[in-house]
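Okay, structure first, notes after.
Because only heavy atoms are used, hydrogens play no part in the values below, and waters and symmetry mates are left out as well, while side chains stay in.
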Amino acid sequence: MAKKKDLLLELLTAFFALVCVSPFYLLVINIGKSSTEIITDPIGWPEDPGRLLANVTSVTGHSMFSFWNALRCSVTITVVSLVLLVVLSSMTAWVIARGRAWWTRFLFVFFLSAMVIPFQAVMLPMLSTYRDISDLVGIPLLRSYEGIVLAYLGFGSSLSVFILHGFIKGIPYELEEAAMIDGSSPEGTFFRIIFPILRPVQVTVLILNGIWIWNDFLLPSLLLSMNGEIKTLPIAFASFIGTYVKQWDLILTAAFLAMIPVVILFIFLQRYLIKGMVSGAVKG
């Protein structure tokens with residue numbers, strides 16, 4: 001009976017694995033086809049393998065797509081947002097986890113509450129607030145790096161603080177007490193003792209937020225112009241989609257090229273992902 005259950009579990013696992021891999025398979029086999037071939041035979045292998053190089057050349061050299069400019073913008077926005085998220089969320093989580101004042105508990109509940117608020121509910125108020133702040137301080141938040149990074153910092157900090165808070169609660173407080181006895185300041189204790197210990201869970205925060213920021217379309221479409229100089233890769237993909245014509249060969253090729261950095265990042269950091277998530281959820 002136990003062997004039958006194990007066999008059934010393995011079959012179900014294999015089935016769900018195929019379901020998860022199928023979109024990647026369809027993407028890979030279609031990037032070497034023409035748009036007509038993709039429509040007529042989406043699951044077949046490409047007839048002309050040399051078409052792949054032609055599609056890549058068309059995407060990287062397309063005047064309206066501006067692949068290299070979009071890649072530079074995506075890398076800049078993603079890297080800056082992730083660095084700020086990791087550093088500021090780590091500091092915030094440490095203060096909340098070690099704080100004994102009433103407001104630290106309120107702040108933690110505030111971050112948790114922000115996780116359940118749908119983005120669509122704050123989408124329009126955010127745009128109105130951005131315009132008001134831009135007029136007040138004279139710093140353009142719309143169609144700028146500052147505005148999009150600030151938005152990602154706000155929307156990504158809730159989950160990041162939650163994961164980091166759980167991990168910090170499991171770190172012995174005696175380590176910090178020993179550092180303070182040796183004359184270390186609170187800032188020195190955090191950056192010399194706590195911050196290096198958080199590396200596994202920080203990698204988890206990097207992967208989760210990095211995949212989201214890199215692939216996000218809705219937030220950049222609201223804060224950045226579709227025809228402006230600053231546009232991310234998902235926004236640039238829209239140049240291949242018209243009212244009556246959709247260049248599927250170029251769309252899929254561009255999606256494949258944009259996926260490569262995320263896959264490389266995940267391959268190198270995947271061993272930290274589960275470890276950091278389990279530690280952040282269980283400790284404390």
Side-chain angles (χ1 to χ4, degrees), residues 23-24 27-28 30-35 38 50-87 119 123 126-127 130-131 133-134 138-156 206-269:
F24 181 75
L27 175 64
V28 171
N30 283 307
I31 58 177
K33 300 179 181 179
S34 64
S35 186
I38 293 173
R51 179 75 187 187
L52 173 60
L53 181 59
N55 287 344
V56 172
T57 303
S58 298
V59 168
T60 55
H62 201 282
S63 58
M64 293 183 62
F65 180 64
S66 302
F67 175 80
W68 300 112
N69 177 65
L71 178 63
R72 177 179 58 83
C73 293
S74 288
V75 170
T76 302
I77 292 171
T78 303
V79 170
V80 174
S81 300
L82 290 179
V83 170
L84 291 176
L85 267 174
V86 167
V87 175
F119 172 72
M123 179 168 63
M126 180 190 66
L127 291 176
Y130 264 39
R131 292 191 185 96
I133 295 177
S134 299
I139 300 177
L141 294 180
L142 296 174
R143 302 180 183 180
S144 67
Y145 286 112
E146 294 84 355
I148 190 71
V149 169
L150 181 62
Y152 281 129
L153 183 60
F155 288 109
L206 282 174
I207 293 176
L208 294 178
N209 288 291
I211 294 175
W212 161 55
I213 294 173
W214 185 266
N215 295 322
D216 186 33
F217 177 82
L218 182 56
L219 194 55
S221 65
L222 292 172
L223 300 181
L224 303 177
S225 173
M226 299 289 289
N227 300 318
E229 182 179 352
I230 302 176
K231 63 171 67 176
T232 60
L233 285 171
I235 294 297
F237 291 168
S239 62
F240 295 137
I241 302 174
T243 304
Y244 302 103
V245 178
K246 295 178 176 61
Q247 298 172 286
W248 289 112
D249 52 343
L250 302 185
I251 293 173
L252 295 179
T253 304
F256 179 78
L257 294 176
M259 184 181 65
I260 293 176
V262 177
V263 172
I264 294 175
L265 176 68
F266 184 81
I267 291 175
F268 280 100
L269 302 179

Can a donor-acceptor pair be found, under 3.5 Å and without considering hydrogens, that links the side chain of [X] to the backbone of [Y]?
| X | Y | answer |
| --- | --- | --- |
| Tyr130 | Ala151 | yes |
| Thr78 | Ile213 | no |
| Asn215 | Pro234 | no |
| Ser81 | Tyr152 | no |
| Asn55 | Lys33 | yes |
| Thr253 | Leu250 | no |

* To do: Identify the two heavy atoms, one from Lys231 and one from Ala236, that lie closest to each other, and give their separation to 0.1 Å.
  =>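 It is CD-CB, 3.9 Å.
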* Taking C-beta and beyond as the side chain, do Ile230 and Tyr145 meet within less than 4.5 Å on heavy atoms? ->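 They are in contact (side-chain heavy atoms under 4.5 Å apart), so the answer is yes.
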* Asked: Side chains of Leu265 and Trp214: closer than 4.5 Å at any heavy-atom pair?
  ->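 They are not in contact (no side-chain heavy atoms under 4.5 Å apart), so the answer is no.
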* Take Phe256 and Leu252 through the side chain to side chain contact (heavy atoms under 4.5 Å, CB included) test and state the conclusion after the steps. => CA-CA 6 Å; Phe256 179 78; Leu252 295 179; over 6 Å; no
* Asked: Looking at CG of Asp249 and OG of Ser34, how far apart are the two atoms once the value is rounded to the nearest 0.5 Å?
  ->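 Output value for this atom pair is 6.5 Å.
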* So with a 6.0 Å cut-off around CZ of Arg51, is the heavy-atom count from everything else above 12? ->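 Above 12, so yes.
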